[in-house]
Amino acid sequence: DLNEAGDHWEALLVEAESTTYTVDMGDIHAVANSDGKLIELTLQPNVVTDYSHGELAERMNVAFAALRDEVREDYRIRYSGGLQ
């Protein structure tokens, strides 16, 4: 039983390590891993000319909020619960 439990947890860890969440807003593309670490952020060149500093910060916050929403939904589907 302990070996089965260990194998189960090991499989869950491997799955978590390979899970990523992506948001593509056209001019901003962001990818985070299951630990919440931002692993990729791509900004189109026009964002530095089309947006003011505040507008860019707001747009990036929208992207990060979308990532959080994606994680919450995935967590709800996988584990039938909410994040704390």
Given side-chain contact (heavy atoms from CB on, under 4.5 Å), test D69 with R72 step by step and report yes or no. CA-CA 5 Å; D69 290 344; R72 283 187 183 109; 3.6 Å; yes

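Contact record, H29 with T22: CE1-CG2, 3.4 Å, taken as the closest heavy-atom pair. The two residues L56 and Y51 have their closest heavy-atom pair at N-CB, 3.8 Å. I28 and A63 make their closest contact through CG2-CB, 4.1 Å (heavy atoms, listed as atom of the first residue, atom of the second, distance).
Tracing side-chain contacts under 4.5 Å through hydrophobic residues (I, L, V, M, F, W, Y), one never reaches L12 starting from Y75; they form parts of separate clusters. F64 and I39 are members of different hydrophobic clusters when ILVMFWY side chains are connected at heavy-atom separations under 4.5 Å. Linking ILVMFWY residues whenever their side-chain heavy atoms come closer than 4.5 Å, directly or via other members, places V48 and L43 in the same cluster.
For the atom pair CG (N3) and CD (E10), the distance works out to 11.0 Å, reported to the nearest 0.5 Å. Between the CG atom of L2 and the CG atom of D7 there is a distance of 11.0 Å, given to the nearest 0.5 Å.
Around atom CD of E58, no more than 12 heavy atoms belonging to other residues, nucleotides or ligands sit under 6.0 Å away. More than 12 heavy atoms of other shown residues, nucleotides or ligands fall within 6.0 angstrom of atom CG in N46.
In this structure, the side chain of D74 does not engage the main chain of E70 through any donor-acceptor pair within 3.5 Å. At distances below 3.5 Å, at least one donor-acceptor pair connects side-chain atoms of R59 with backbone N or O atoms of M25.
Exactly one residue among L41, L67, T20 makes a side chain to side chain contact (heavy atoms under 4.5 Å, CB included) with V31. That residue is T20.
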